[in-house]
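Below you will find the structure I want to go over with you.
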Amino acid sequence: MSLYYVEEGRLSRLHWPLVLCTSIIGGLGVWNLASAGRGVPGNVWSAQLTWLVLGTVLIALSLLVDYRVLRSLAWPVFIFTVVLLVLVPIKGRVIMGAQRWLEFGPVRIQPSEFAKLTVILVLARYFGDNPPSERIVRKKKTGTVVVGFFRRSWASVVARYNRSLAVQPVRQASITARETGYRLKELAIPALLLFVPAGLIIKQPDLGTGLVTLAVGGSMILFGGVTTRTFVFLTTTGAGAAVLTWFYGLKPYQRSRVTTFLDPFGDAQGKGYHSIQSLIAVGSGQTWGKGWGNGTQNQLSFLPEQHTDFAFPVFAEEQGFAGAAVIVLLYLFLVFCALDIASKARDRFGAFLAFGAAALFFWHTFVNIGMVLGMLPVVGVPLLLMSYGGSSALLTMLAIGVLLNISLRRSNYSTA
Amino acid sequence: MTTLTPNQREPKELRPRAAVAGVIATLFFLALVARLYHLQVVRGPELSRKSRENFVKELVEPADRGLILDHRRRRLAESRPSFDVYLTPAFARNVEEIIGRLTTHLDLTPEETDAALKTAKGSRRLERFRPFLVKRDITRDQLDVLEADMAQLEGVDMIPSPHRYYPYGSLLAHVVGYMSEVSQAEFEANKPKYRRGDFIGRRGIEKALENELRGDDGRRRIAVDAKGRELDPEIASELIAEEHRRVPGRPGHNVVLSIDLGLQHIAETALSEAARAGAAVVMDVHTGFVLAMVSHPSYDPNKMTGRISRRDLEAIANDPLEPLFQRAVQQHYHPGSTFKIVTALAGLEAGLTVPATATSCNGGYTLGNRRWRCWKDSGHGGGINLKRSLQHSCDVYYYWIADKIGLDPIAEMAHRMGFGKPTGIELSPEAKGLIPTVEFHNRVDKGYTRGFALNASIGQGSVNVSPLQLANAYAALANGGTLYRPRLVRRVESAEGELVRQFLPEKIRDLDVKPAHLWAVMDGIVSVVEEPGGTAYIRRLEDVRVAGKTGTAQVAALGEKRLKESEMAWAARDHAWFAAVAPAEEPEIAVVVLNEHGGHGSSAAAPVAMAIIQGYFDLKKKEAENREPLSPQAIASMRPEARYAAKWLRNRAVEPPPPDPVRAPPRERRDPASSAAEVADPQMLRNRSEGTTTAIVGDGASP
C-alpha cells in the first residue's frame, strides 16, 4: 500500500452524504447567484460554477494523496502564511478602506482567507502530536467549585470556625479521579499559533475573518479538551478581552457597526442601511418567497453586496421561509458530516483537521446568516458555497477535499 | 505501513465532544431558523410593505401657480416654462470635467462651480445617486447648448420646472411682490405642503394670497431601483397598480387686482421723472380699491425670484434708497400740511370754529416764550378763515386751533380717519403710523405741553402717516364720510375662470362728521387748486377740476436762518406731498403723491399728482370712446404722459380683457369704463341703485 494511492475498495468509503450535501448547496448557490448577480457586471454565476468545478477537480486529485502529508507541511505553511500576513500592511493593496490583498503579478490573494485553513492545520498538528496528559486529581466529595477555587483560605476559615465551636472538624473524605484536558500552560503554544495570525488579520483590519479565525481556533481548543479551571479561566479572560477590545482595540467604524446592529433603524439611510435592507429582503420573502428572479430587494439593488456577503437574503427573499430554512438545515447537515468524519478519523491529527473544518463551516454559516438576519453586527464574512468569490470557493472545496480524504482513510474496523 | 504518523490509536475520546459540538451547532442553527420564522412569517407582511415602499418613489408634479392679473386682466405675474440643471454624481464618471463644461455652458460663477464640485465630491454612498441642483432657471440658449452637448454631459439632467415671471418687471414690484425658496422654518412649519426648494410668495400679493395662488401639487408614483433610476414602464406596471400611479393636482387660483396697469404706468413714469424716491397711491374713493400704487425706486422681481446674482442682490440691499421698501404702505412720514384737514375737522367738530371763523396771521404764533413760525415769514394777513387757511396753507390758523382745543381732539379725529392704525390692505407688513396723544407725550417725552399740539396740528412733531393712510383719509373726506378698507384684490378665480371669491368694499367706519363740515373742508381744498392764490393754482388742469392739498414736511430742525432748498443736503430737504381728489365736484379718485426730500409740495409733488389725474381721465375717455386698440393718430393727439402710456399699453397688452361675467348697464353720470370695474360686485350695485348706505349717499352728496 502506497501513500499516494487509494486502497482498493476504499472509494465506497467516500463520505457520500457530504458529497451530496455539498453538491446541493453549491448547486443552489449557483442558481441563486444567477438571480443575485443580475445587477452586477460580469457573469457571476458561471464564474462561480467554474470555480466550483475547478475545486471539484482539485478535490479529486487531492484524494489521491493521503491527508497525513499535510502534517509534515503544517509548519512551513504556517510560517509562509505569517510572512504573507506581515507583508500585507507593507505591500498590500488597499480596497474598500482596508489592506487585505497581496498582488503577485496577475494573481491577487487574500492571505487572511488562507490563514483560516493554516490555523486549522497547525492546531490539528499540535493537538494531534500532543495529547493532554492524564492526571490523578483529588476531588473533595463535598464542597462546591467555589470552595475548591478558594480552597486554602476557605478551609482555614472553616477550621477556625469549627474550633471555636469546639466541634470536632470533620475531615472530608477525598476521592481520586482521572482528569484529562489541557491545562493552561499546555495551551500556551496553541494560543500563540492562534493569536499571531488572528491578531495580524484583525490588524489589517479584517474584523470578520479575524473573529471567525479566533472562533474556529477556540472551538478546536475546546474540542481538544481543557480542565475545568482552564475553561473558567478562558471564558472569563475571553469576556474581559472582549470588553477591552471594545474600548481600545476597535476602530470607530467597527464600533459603529456594532452600535448600528443594536439599533439599525437609528441610522436608516446611513450605517444601518445594509442591515435594514437585508431584513426587509428576508422578511418580504414571507413563507413561499417571491419566486426566482422576482425579488425586488435583489433585482432593484436595494440589497448591498447581494452576490457576496448578502447572497443569503436574496435566496430568502425569492424562496421564502421554506427555502431559507432548508438552506440552514443543509448547512447544519454539512456540519454534521464534518463532525461525523472527525469522530471517525483514524488519528488525532485527522480528527482535529476534520473538526476544524466543521468549526469553519459552522462559524461562517452562523456569523453570515446571523449577520444578514440582524442577530449579529455586519462584519464581512461570506457564506461558504453561496457567496460569490474565487478564493473563497477554492478554499471551501479544499476543506471539503480534506474532509473526504480523512473519511476515505479512516481505519477499517472503525466503521460501525 | 507508514512514516506519516506516529503509531496512534483511534482517538475515541474525542467522539463525545464531537457529539456535544453537534448538539451546540443544532441549537445555534435552530436559533437561525427561529429568527427566519420570525422575520418571514411573523413580520413578513410588515416587511413586505417596506419592500414595496423601497421601490415606489413618489414624484411631485408641482401645481401651476395662479396668475396675478390687473383689473383689465393683463398678466402681472405668470408661470413660464423653464429648466433647472441637476447633476447626479454617481453617473458622472469625470466630475471635474463635467462641471468644467457646465461652467462654460452656463457661465457659472466661481462660487457656483466650487459649490457644485464640493457637493459632487462630498457625497457618499446613496447620496451619490441623488441629483443636486447646479443652476436654476437656465435660459433658452443655454438649454440649446446643453442639449447639443448631452453626449459629453453624463449625469446631467435638465428638469422642467415652471418659473415665476413678471412680464412688467419693476413696474408693479411692490404690489405684486416676488417669490423665493422656502426657508428651513417655513419648510418645517408646512411640511406636507411645501418641499425643500419650493418657492413661496415673499412679498406683496404673492405673499398675501399665497394659499390661493399655490394650488395643490399632484403626485406621480414610479418604480425605481436602489439607485433611483426609473424602471421600464413594463416592469413598473407589474409593480404598481394603474390607479395608484397618478394623483392629479389642482392648479392655483388666479388673482384679479384692482390695479389698472395703464394708470400704474402713468403714475410710475410721472413719479420717477420727478423724484429720486417717493410713493404714489391712487384709490377709488367709493370703494377703497387701489387703482395704482407706486413706490420709487423699484426693483425687478424677476431677479429676486431665483435668478439674482450675489452682486445684484448686494446692489439692491445696499442701495441707500432701499428699493425693496414699499414706501406707499411700509413707510411713514410727517404728513406736513396735508394733515391740516384733520385739524380743521377737529376744530369744526369741537365747536371751536365755524367755517367762517377767521384769524389773522402775522407770520407766527406765540405760545409762552416761544414763537411758532408760519411757513410764510411775512404772514398771511387778516381774514384767514377755514377756506383761506387751506388755500394758502396758513399755519397760524391751525396753531390757534391746536392751542384752543389741545392735542387729543386732533388725535381723535385722526384716528377716526384711519391714521395711527394699519389700514388692513393685503400688503404686509404695514406701517401703522403714529398719532401722538397727551398720554403719548407724557409717556415718551418729558411730559405734554401745548407746543406738541401746535406741532401736530400742521402734521409735524410726532405725527407720522403712510401715503396709503393719507389717500384713504382723503377718499373718506371726498366720498362723504365713509372710511373704506383699502383693497388691492377684487376677485379670486379658478384656473378655469370660475369665481372663487369676490372681495366687496369693506367699510371700516363712518367718520360721523357733519356733512357741512366735510363740505367746508372740501371747499377749502378745491380753492387750493382752482382759485388764484391757492398753493397749487399754477398746477391746475384744463378740463378736470381737482381738489387737493399741498404738503411740505420738514424733516430737519430749522436753523436760525431759512436755507434755500438748493443749499441743503438731499436728505435734509423737506418731503413734498400732494393729496388730491378729482373731479372736485364729484370725486372718483383720491391721489396721494409723496416726493421724498423733494422740497415744496406745490412744485415737487403736485405736478406728479396732476399728471396722474390727467392720465386717469384721458384713459377713461379713450376707453369710453374707443374700445378698439388705439390708433397711432389717437396716440399722437394725446398728452405726452398719456401718449407714452398708451403706446406702451398697445405694445404690452397681449390679450384683450375677456368680457366681464357680470356686466350691468353703465350708470348714468359715471363712465362705463370705470364702472365696469365695479359692476363685478352685485352687492355694491344694489347698494348704489337703492341708495341705502351712507357711502352711496356720499356719492351724490360730495361737494
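The chains referred to below are lettered A, B, ... by the order of the sequence lines, with proteins before strands, and numbering in each begins at 1.
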message: So for A:Phe321, is it side chain, backbone, both, or neither that comes closer than 4.5 Å to the heavy atoms of chain B?
response: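 Both parts, backbone and side chain.
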task: Under 4.5 Å heavy-atom distance to chain A, tell me which part of B:Pro45 shows up: side chain, backbone, both or neither.
output: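 Its backbone and side chain both get close to chain A.
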task: Please step through side-chain contact (heavy atoms from CB on, under 4.5 Å) for the pair A:Leu373 and B:Leu39, ending with a clear verdict.
output: CA-CA 8 Å; A:Leu373 297 187; B:Leu39 285 177; 3.8 Å; yes
query: Of all heavy-atom pairs between A:Val282 and B:Leu36, which one has the smallest distance, and what is that distance?
result: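 Where A:Val282 meets B:Leu36 most closely, the heavy atoms are CG1-CD2, 3.9 Å.
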message: Please check if the number of heavy atoms outside B:Tyr37 that lie under 6.0 Å from its OH is greater than 12.
response: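 Open.
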query: In this structure, are over 12 heavy atoms from other groups packed under 6.0 Å from A:Phe231 atom CZ?
result: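 Not more than 12 within 6.0 Å, no.
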message: Heavy-atom cut-off 4.5 Å, strictly under: side chain, backbone, both or neither for A:Val328 against chain B?
response: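 For A:Val328, heavy atoms of backbone and side chain both lie under 4.5 Å from chain B.
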query: Of the non-hydrogen atoms in A:Phe355 and B:Ala21, which two are nearest, and what is the gap between them?
result: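 A:Phe355 and B:Ala21 have their closest heavy atoms at CE1-CB, 3.6 Å.
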message: Could you tell me if the side chain of B:Arg35 sits less than 4.5 Å from the side chain of A:Ile369, heavy atoms only?
response: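 When only atoms from C-beta onward are counted, B:Arg35 and A:Ile369 do not touch, as no gap falls below 4.5 Å.
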Chain B contact via A:Ala342 - side chain, backbone, both or neither, heavy atoms under 4.5 Å: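 No part of it gets close to chain B.
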B:Phe28 and A:Phe366 aromatic ring geometry - parallel, tilted or perpendicular at 30°/60° bounds: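 The arrangement is perpendicular - the two ring planes meet at more than 60°.
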- prompt: Considering residues at least two apart in sequence or located in another chain, which fulfil the side-chain hydrogen bond (donor to acceptor under 3.5 Å, both in side chains) criterion with A:Tyr182?
  reply: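 Once residues adjacent in sequence are excluded, the partners of A:Tyr182 under the side-chain hydrogen bond (donor to acceptor under 3.5 Å, both in side chains) criterion are A:Arg348.
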field: side-chain contact (heavy atoms from CB on, under 4.5 Å) evaluation trace for A:Thr287 with B:Gln40
entry: CA-CA 6 Å; A:Thr287 309; B:Gln40 300 193 284; over 6 Å; no
- prompt: Just how far is it from atom CG of A:Leu332 to atom OG1 of B:Thr26, taken to the nearest 0.5 Å?
  reply: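 Going from CG on A:Leu332 over to OG1 on B:Thr26, the span is 4.5 Å.
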field: From CZ (B:Arg15) to CG (A:Asp340), nearest 0.5 Å
entry: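 That separation rounds to 9.5 Å.
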- prompt: Less than 4.5 Å apart, any side-chain heavy atom of B:Leu14 and any of A:Phe352?
  reply: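 In short, these two side chains touch, coming nearer than 4.5 Å.
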message: Just so I understand: if I count every heavy-atom pair under 4.5 Å between each of A:Ser219, A:Ala359, A:Gly224, A:Gly295 and chain B, which residue has the most?
response: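 The option with the most such pairs is A:Gly224.
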task: To the nearest 0.5 angstrom, please state how far the CD1 atom of A:Ile327 sits from the CG atom of B:Leu32.
output: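 Answer for the CD1-CG pair, A:Ile327 versus B:Leu32, is 12.5 Å.
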Gap separating the CD1 atom of A:Ile280 from the CZ atom of B:Arg49, nearest 0.5 angstrom: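 The CD1 atom of A:Ile280 sits 11.0 Å away from the CZ atom of B:Arg49.
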task: Using the test side-chain hydrogen bond (donor to acceptor under 3.5 Å, both in side chains), find all partners of A:Ser284 that sit at least two apart in sequence or belong to another chain.
output: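 Here the qualifying residues are A:Lys290.
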field: Per-residue contact mode, A:Phe312 against chain B (heavy atom under 4.5 angstrom)
entry: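 When you check distances to chain B, only side chain atoms of A:Phe312 fall under 4.5 Å.
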- request: May I ask you to name which of A:Ser343, A:Ala338, A:Gly289 has the most heavy-atom pairs under 4.5 Å with chain B?
  value: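 Among the listed options, the one with the most contacts to chain B is A:Ser343.
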- request: Find the one option among A:Gly350, A:Gly283, A:Ala358, A:Ala325 whose heavy-atom pairs under 4.5 Å with chain B are most numerous.
  value: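 Max contact count across the listed options: A:Gly283.
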field: Contact leader toward chain B among A:Gly285, A:Ala281, A:Ala316, where contacts are heavy-atom pairs under 4.5 Å
entry: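 The option with the most such pairs is A:Ala316.
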field: Residue A:Leu222 versus chain B: region with a heavy atom under 4.5 Å
entry: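 For A:Leu222, the backbone is the part near chain B, not the side chain.
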